[in-house]
Structures are given as structure tokens and as C-alpha cells.
Amino acid sequence: MGCPKRAVVVLLSFLGFLILFGFRTVFAMVMVYVIKDNDNDGVTLFTECTINGTARDLQLDWSVATSQYFNTAYFVGYVITQLPGGFLAVRFSPTKLFGGAILISGSCFVVLAFVMKYSPIIVFVARFIQGLTEGVSQPAMSSVVSAWAPKSERARIVGFSFSGIYLSTALASVVSGAATCYVSWHAGLFIYGLLGILWSFAWFALVYDSPMIHPSVDEEEKRIFDKDGSKILVASASVARKIPWRYILTSRPVYALFLVNFTRSWVFAMVITEIPQYFADAFSLNVATIGFLTSFPPILMSVSVISGGLIGDKLIKSEKVSVTAGRKLSMIVGFGLEAVCILFLSLAGDYLTASVLIIIAEGLAGLSTAGFKVNPVDLAPQYSSVLTGIVRSGVLGASISTALAGALREKNAESWQRLFLITGSVHLSSVMLYMVFGSGQQQDWAQVPYANLVSADSDSTSAYGSVDKNTTDLSISVHNSDEKSQHDRADSVTYHETRE
């Protein structure tokens with residue numbers, strides 16, 4: 001038996017997110033260096049930047065507020081494509097959408113390395129384009145996970161796949177901080193841009209939308225999906241036409257999930273794009289030192305993301321907690337305690353204390369991935385990309401976070417303390433609302449009339465079933481959730497289509 005194909009999907013998903021979210025950190029680190037208003041000869045744990053004053057140096061007469069608005073442009077584009085991205089992942093190939101997002105965004109970085117210095121308008125446009133393309137990535141990945149994650153492995157597969165998001169900040173902080181300081185001002189842009197382009201080629205070649213259309217999935221792995229798979233149809237026009245929009249948009253669990261995504265996006269944007277500037281403003285650290293300090297929180301977070309998924313799957317599988325209770329537990333421990341740490345961050349008087357609080361906050365936040373990242377698949381496996389697109393529209397919180405930082409920011413610690421008080425309070429409030437209205441059960445409106453979908457359109461293909469020369473037999477189990485028993489109840493629906 002070779003390597004399970006779902007392991008290949010998980011590994012490449014991890015690497016994809018590692019690169020994709022590294023883009024944000026790389027850009028933030030480059031901005032800290034090239035803007036003259038920042039002091040790159042301040043407190044340092046290392047030798048001074050060796051490119052200072054050389055041909056590889058670049059100093060731009062832009063304000064820090066300008067760099068904040070570059071981030072706002074990115075997040076506005078990111079918000080715009082969340083919901084369309086969810087729909088597109090139901091209508092078209094989610095793997096192609098995910099790979100294409102990284103290919104285009106990486107190409108933008110390579111272009112920026114050549115032309116960024118000529119005009120802030122160029123940077124503004126490029127960041128907006130990156131936001132537009134990257135906005136489809138998480139809705140598309142939700143569809144990929146729905147197809148490739150057996151129910152008993154759902155939280156751990158999501159944890160491993162998405163852990164690249166959190167480790168990305170650590171890796172990108174160190175790589176881009178050192179490369180910017182000691183190689184050239186645009187070295188980080190080149191490195192990550194080219195990595196994104198190369199990764200996309202591997203993804204397109206190796207990953208398919210469904211286990212059952214993959215040409216080399218072995219029989220043992222097929223049996224796992226037959227027994228424990230989500231049993232969803234692959235993307236098609238007929239599936240897209242049957243999306244239950246009215247029920248989705250009036251669902252309280254969906255709105256609760258939207259709120260925690262909103263505040264999490266607010267916090268995550270602050271950690272990735274604003275914390276480097278906070279260290280520069282409040283403690284006068286140079287770019288290499290900032291890169292070193294900001295690398296620690298994501299490392300701990302990536303570990304907690306994976307361990308949170310393993311623990312969550314184990315608790316639910318052993319029936320010690322229901323799915324709903326397991327999701328809520330991960331949220332209160334992860335996001336609730338993160339919010340408390342951010343509130344205490346407003347009292348930090350030195351950079352070591354601030355670093356410790358950020359490390360603890362982000363380390364705990366990783367546990368929540370077993371809740372909010374998995375929840376769309378719990379609520380509606382067939383439409384998880386649509387739900388992800390809707391709740392990921394909460395990334396509007398990131399736009400508000402960066403805009404607020406641009407408005408409140410002054411070159412002192414006090415302005416940042418006000419931002420942390422606002423952020424921690426909003427985050428904690430959303431967690432409390434999720435405790436009341438959140439759910440981990442598949443919703444009644446999420447049941448799919450599979451036979452109608454398959455007969456409605458010739459381009460609709462099941463993720464499951466055997467094919468011979470004359471017939472296509474599609475045996476699909478439609479899973480309904482029972483709140484009382486917390487167990488799946490399967491009603492078998494078989495559709496037989498005779499080929500003409």
C-alpha cells in the first residue's frame with residue numbers, strides 16, 4: 001500500500017496555507033523596513049542590517065498610515081470574494097480555485113519586487129488583486145476537506161491542513177526579516193512569490209476534487225470513504241442550483257459562526273500585519289528583532305491547532321461529548337482565553353511581557369480550529385464551501401482592524417493599548433454569543449435530494465459510486481443528525497441512470 005492520497009492532500013494543503021498566509025507577513029515586514037518613518041537602527045538582538053546604505057537598500061518617503069491602508073485594500077478585496085468563492089467552489093473545481101489563488105497572488109509578489117518602489121498606487125492595486133484572489137482560498141478548501149476527510153478524521157485533517165496558516169507567520173517572520181535585513185529589501189517578495197508559483201504546479205498535478213475520481217486511490221482507502229466519508233457530490237451546475245440560500249441566511253448557528261469569524265479575522269489581521277508595527281512604535285525594535293520575536297506565537301499555535309483537532313476527534317468519537325459540546329469547548333478555551341490575553345496586553349510595559357502574552361494568546365487560539373474551521377462541514381457537508389464563504393465574509397473584521405490601527409496609531413505605546421482594549425472586548429463578546437447559538441449538528445436544510453441533482457444535469461457527478469460501460473450506479477447515504485442521540489442516522493437513496 002502506498003501513501004494514502006488524503007495524506008498527500010493534507011500535506012499540500014498545509015504547504016499551500018504556509019505560503020499563502022506567509023504573503024501577509026512578508027509584506028508587513030517589508031513595509032516596516034522600507035518606510036523611512038520606522039527606525040531600523042533601533043533596539044536589536046542581532047547585528048545591524050547589512051544592506052543599509054547599499055544598492056540593495058530602499059527607503060520610501062511614505063507614512064506608516066499608507067502601509068496600513070495597503071493592508072486595508074488587501075482585506076477589502078479579500079471580503080469581496082468570500083461569498084462568491086463559496087458559490088464558485090460548488091459550481092467549479094475547488095482544487096483549481098485554491099491552486100489558482102496562490103498562483104496569482106505569488107505572481108503579484110514577483111511583480112511588486114520590481115515595481116513597488118515607483119508608486120504607492122501600484123502597491124495599492126496589487127494588494128487589492130491579491131485580496132480578491134486569496135479570498136476564494138478558504139471556501140474552496142472547505143469543499144476539498146468535505147470530500148477528502150472521513151468523519152472520524154475530520155477535525156484532525158482540518159487541523160493539519162490549516163495549521164500551515166498559523167505556522168506561516170513564524171516562518172515568514174524569520175525568513176523575510178532576515179532576508180530583508182541582510183540580503184535585499186525585496187528578497188522576501190521574490191522568495192515567497194516563486195514558492196507560490198512552484199507549489200501551484202504541484203497542487204494542480206497531484207490533487208483531485210474527490211477520492212473517487214482520483215486515478216490511483218487504492219481499494220483500502222476507497223473502503224474508508226465508503227464507510228465514513230461525507231458522501232457529497234462534486235461541483236456542478238445542478239448542485240449549485242439547489243443551494244438552500246433562504247435557510248442558510250436565516251440560520252442562527254450560521255450567524256453565530258459568522259460572528260466568531262468576524263472577530264477572529266480582526267485579531268488575526270492584527271497579529272500578522274499590526275504587531276510588527278506595534279513593536280517598532282512602542283519599543284523601537286529593528287526589523288530583524290521584530291521578525292525573531294513574532295516567530296514564536298505561530299509556532300505554538302500550529303502545535304495547538306493539530307493537538308486540538310486530535311483531542312476534539314477523540315472526545316467526540318468516544319462519545320464523552322456531543323459534536324456541539326466539543327465545538328463549543330474548543331471555542332471557549334481557544335478564543336475566550338485569547339481575548340483575555342489581548343486585554344492584558346494593553347497593560348504590557350516592555351517588549352518581553354508583550355511577547356509572552358502574544359505567545360500565550362495565539363497558542364491557545366489554535367485549539368479553536370477544532371471548532372470554527374470544522375463547523376461549516378458539520379452544519380452542511382454538501383454546502384460547506386458556501387457556509388465558509390458566508391462566515392468568512394467576517395474577514396471584514398480584518399479590514400476594520402487595519403483601518404482602526406491606521407486611524408488610532410501614533411508612535412507610542414498608549415495608542416496601541418487602546419486598540420488592544422477594543423479588540424479583546426469585541427472578541428470575548430462574540431465567543432459568548434457562540435456559546436448560546438452555535439451548533440455542531442447537520443442542519444435539516446442541509447439534506448440534499450441526490451437523485452434529483454444527478455438526473456437534473458449531465459455534468460453532475462457523484463463523489464461515490466462505480467461506473468461500467470452501460471450504467472452508473474450511485475449509492476449515496478444521506479446523513480441526518482439527531483440532536484437527542486447525537487448519532488448519524490442514514491437513509492439510503494439509490495439512483496440508477498442508464499446511459500444513452
Side-chain angles (χ1 to χ4, degrees), residues 1-17 88-103 136-162 164 198-240 374 377 381-385 388 448 450 453-454 457-469 471-477 479 495 497 499:
M1 178 180 175
C3 177
K5 296 302 179 286
R6 65 188 187 280
V8 175
V9 173
V10 169
L11 175 61
L12 286 175
S13 299
F14 165 82
L15 293 175
F17 280 127
L88 291 172
V90 174
R91 177 60 183 86
F92 302 104
S93 166
T95 58
K96 299 299 187 294
L97 287 172
F98 185 70
I102 298 180
L103 174 62
V136 305
S137 61
Q138 293 204 54
M141 180 51 62
S142 184
S143 277
V144 175
V145 169
S146 288
W148 282 96
K151 291 183 179 179
S152 60
E153 301 175 7
R154 187 174 287 169
R156 74 189 70 176
I157 283 181
V158 169
F160 276 105
S161 298
F162 284 86
L198 293 174
W199 172 92
S200 65
F201 294 152
W203 175 264
F204 290 142
L206 298 174
V207 178
Y208 291 74
D209 288 333
S210 164
M212 301 311 291
I213 62 174
H214 196 293
S216 56
V217 173
D218 61 35
E219 291 303 317
E220 181 174 344
E221 192 167 16
K222 283 182 180 179
R223 285 193 293 271
I224 293 174
F225 285 106
D226 285 335
K227 177 183 178 183
D228 207 22
S230 294
K231 299 177 174 63
I232 65 171
L233 298 174
V234 297
S236 71
S238 57
V239 174
V374 187
V377 184
Q382 181 68 66
Y383 306 116
S384 62
S385 66
T388 300
V448 182
Y450 287 96
L453 286 172
V454 176
D457 198 317
S458 62
D459 71 352
S460 182
T461 307
S462 175
Y464 287 79
S466 59
V467 180
D468 61 32
K469 293 175 66 175
T471 65
T472 301
D473 287 312
L474 306 175
S475 297
I476 306 162
S477 296
H479 292 274
Y495 176 77
E497 177 186 29
R499 288 190 173 181

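All residue numbers in this chain count up from 1 along the given sequence.
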Between atom CD1 of I102 and atom CG of L97, what is the distance when rounded to the nearest 0.5 Å?
-> 12.0 Å
Please report the shortest heavy-atom distance between A89 and P94, naming the atom on each side.
-> O-CD, 3.9 Å
Please report the shortest heavy-atom distance between T95 and D209, naming the atom on each side.
-> OG1-OD1, 2.8 Å
Hey, are the side chains of P211 and R6 touching, using non-hydrogen atoms and a 4.5 Å cut-off?
-> no
Over all atoms of both residues, closest heavy-atom pair of A140 and F98 = CB-N, 4.1 Å
Drop me the distance from L15's CG to W203's CH2, to the nearest 0.5 angstrom.
-> 10.0 Å
In chain order, what residues pass the side chain to side chain donor-acceptor pair (under 3.5 Å) check against T388, with sequence neighbours excluded?
-> S142
Distance-only, no hydrogens or angles: does the W148 side chain make a donor-acceptor pair with backbone N or O of Y208 under 3.5 Å?
-> yes
Does the ring center of F14 lie less than 6.0 Å from the ring center of W199?
-> no
Nearest-0.5 Å distance, CZ of residue R223 to CG of residue D218 = 8.0 Å
